[in-house]
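This report concerns only the one structure given below.
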Amino acid sequence: MRQQHSSRSRLQSGLRKRAAYLAILTAVGLAITAGAHEAQQGTPAPITDMVEVAENLYMLANADPAAGDAWTGGNIGVWVTETGVVLVDTKLPGYGQAILDQVRSVTDKPVTTIINTHTHFDHSGSNTEFPETVTIVTHEGTAAQMARDDCQPVTNCEAFQGDNARFLPDLTYSERMSLFSGRDQIDLYHFGRGHTNGDTLIVFPAVRVMHTGDLFPWRRLPFVDADSSGGSAVDYGETLNKAVAGIPDVDRIITGHIDNPVAWAEFEAFAGFYNHLAGVARAGMEAGQSVDEAAAGYAVPDEYGEYSAEPDTVRSIMQLIYDGR
């Protein structure tokens, strides 16, 4: 059994890199991410970080896109139950065997279930590399994105076309669903649109841990995929508020791309951070300001002094709010 620990300073030192990456990502839509995807398919980086989060719960990391060639896709949650292993997300394409190798380092039990936090290729990329006997679970919005005919830019639905349609989700839900029982129980929540229209928050009640996927990017503004995956800057703040109010008894969180778990308080703070920006945008609209004027007048509040808010990201989110999206 392997265990990896990193200090808070490591997280903070990577914040500037992640913020810069996000600014580029938002400015060009998702072209940079798509390019990384293509490069990844040629020379896949190894999964080296396996973090023991709690008893029977692990995280496969190497998830920071700013790490360049070392990036493997979003964080995977590995939940070992009495009857098998549940994976939350499957990283980029080409990682099925590498994921199984990591799972086998902690248990001989088979992978029985995959839960996808959302549709993007760095979180569902290796779904098709597992046996058809594996049950795939998503929110109904994510299932619809995966089944689309037009896949651009990053819905990843091309991975599930033709013969691979057999890997489309087997089980979907609307607002809440629980899997298994007793200590193995997993609770799935959807509180509304945010990063996409199908974001699932996955809670492991027995160990008081939640996996958020990309709905929670830690101490920076999110990418709102309103153009291709149904995300909403208008709804994002209320979605976060509902999650904070509606999810009980969680102490730690696995995010989509931070290489170590963070405290629940960080999720609450992020909700406040995002809602403050949305409030500034709405106030600017009411005052008759242009998007550029409202964005230029935004400043990160002192209470969020460690947060990143790149000007291009601020403006892109405000533009979506001005547009009612």
Side-chain angles (χ1 to χ4, degrees), residues 1-3 47 49-63 72-92 95-120 122-140 142-143 146 166-173 176-190 198-216 247 249-256 261:
M1 185 178 299
R2 294 181 291 168
Q3 186 170 0
I47 301 172
D49 287 355
M50 187 166 188
V51 181
E52 184 177 3
V53 180
E55 184 181 4
N56 291 328
L57 179 63
Y58 305 85
M59 180 179 79
L60 302 184
N62 305 105
T72 65
N75 285 323
I76 293 179
V78 179
W79 181 236
V80 182
T81 74
E82 287 191 10
T83 58
V85 176
V86 180
L87 300 179
V88 177
D89 288 343
T90 60
K91 293 190 173 287
L92 292 164
Y95 277 95
Q97 186 59 52
I99 293 166
L100 286 173
D101 290 343
Q102 292 289 337
V103 169
R104 286 171 183 153
S105 73
V106 295
T107 181
D108 292 330
K109 294 177 180 179
V111 173
T112 61
T113 309
I114 292 171
I115 305 169
N116 291 121
T117 59
H118 62 294
T119 184
H120 289 157
D122 55 326
H123 296 265
S124 64
S126 292
N127 278 28
T128 60
E129 298 169 30
F130 289 85
E132 291 182 56
T133 54
V134 173
T135 299
I136 298 175
V137 185
T138 73
H139 181 261
E140 59 190 19
T142 293
M146 289 176 169
R166 67 189 189 277
F167 294 104
L168 286 167
D170 304 289
L171 184 61
T172 66
Y173 76 103
R176 181 173 175 180
M177 179 171 65
S178 292
L179 303 173
F180 313 111
S181 61
R183 193 198 179 283
D184 292 342
Q185 181 170 324
I186 303 172
D187 295 329
L188 279 59
Y189 296 86
H190 174 79
D199 300 310
T200 290
L201 299 172
I202 299 101
V203 176
F204 305 94
V207 293
R208 302 172 68 95
V209 175
M210 176 169 72
H211 194 312
T212 66
D214 287 353
L215 186 68
F216 174 38
I247 297 178
D249 303 325
V250 168
D251 298 327
R252 288 184 295 166
I253 292 174
I254 299 171
T255 72

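Please read these numbers as outputs of a predicted model, since none were measured by experiment.
Between W79 and F204, the ring planes are tilted. Angles from 30° to 60° get that label.
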- From CA spacing to verdict: side-chain contact (heavy atoms from CB on, under 4.5 Å), V111, I99: CA-CA 10 Å; V111 173; I99 293 166; over 6 Å; no

- Query: When you look at V134 and F167, which way does the side-chain contact (heavy atoms from CB on, under 4.5 Å) test go after all the steps?
  - Reply: CA-CA 9 Å; V134 173; F167 294 104; over 6 Å; no

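A donor-acceptor contact shorter than 3.5 Å is absent between the side chain of Y58 and the backbone of I76. Looking only at distances, no side-chain donor or acceptor of T200 sits under 3.5 Å from a matching main-chain atom of T138. Checking side-chain atoms of E132 against main-chain N and O of R166 turns up no donor-acceptor pair under 3.5 Å. The main-chain N or O of Y95 is found under 3.5 Å from a side-chain atom of E129 such that the two form a donor-acceptor pair. The backbone N or O of I47 lies less than 3.5 Å from no partner atom in the side chain of N62, so there is not a single donor-acceptor pair. The closest donor-acceptor contact from the side chain of T72 to the backbone of A63 lies at 3.5 Å or more, if one exists at all. For the pair H190 (side chain) and L201 (backbone), a donor-acceptor distance under 3.5 Å is absent. Looking only at distances, a side-chain donor or acceptor of D89 sits under 3.5 Å from a matching main-chain atom of T117. For the pair D184 (side chain) and E82 (backbone), a donor-acceptor distance under 3.5 Å is present.
Rounded to the nearest 0.5 Å, atoms CE (M146) and NE2 (H120) are 10.5 Å apart. Atom CE of M210 and atom CG of D249 lie 12.0 Å apart (nearest 0.5 Å).
Closest of all the heavy-atom pairs between K91 and G73 is NZ-O, 3.4 Å.
The side-chain hydrogen bond (donor to acceptor under 3.5 Å, both in side chains) test with H123 singles out one residue from N116, T90, D214, T142, and that residue is D214.
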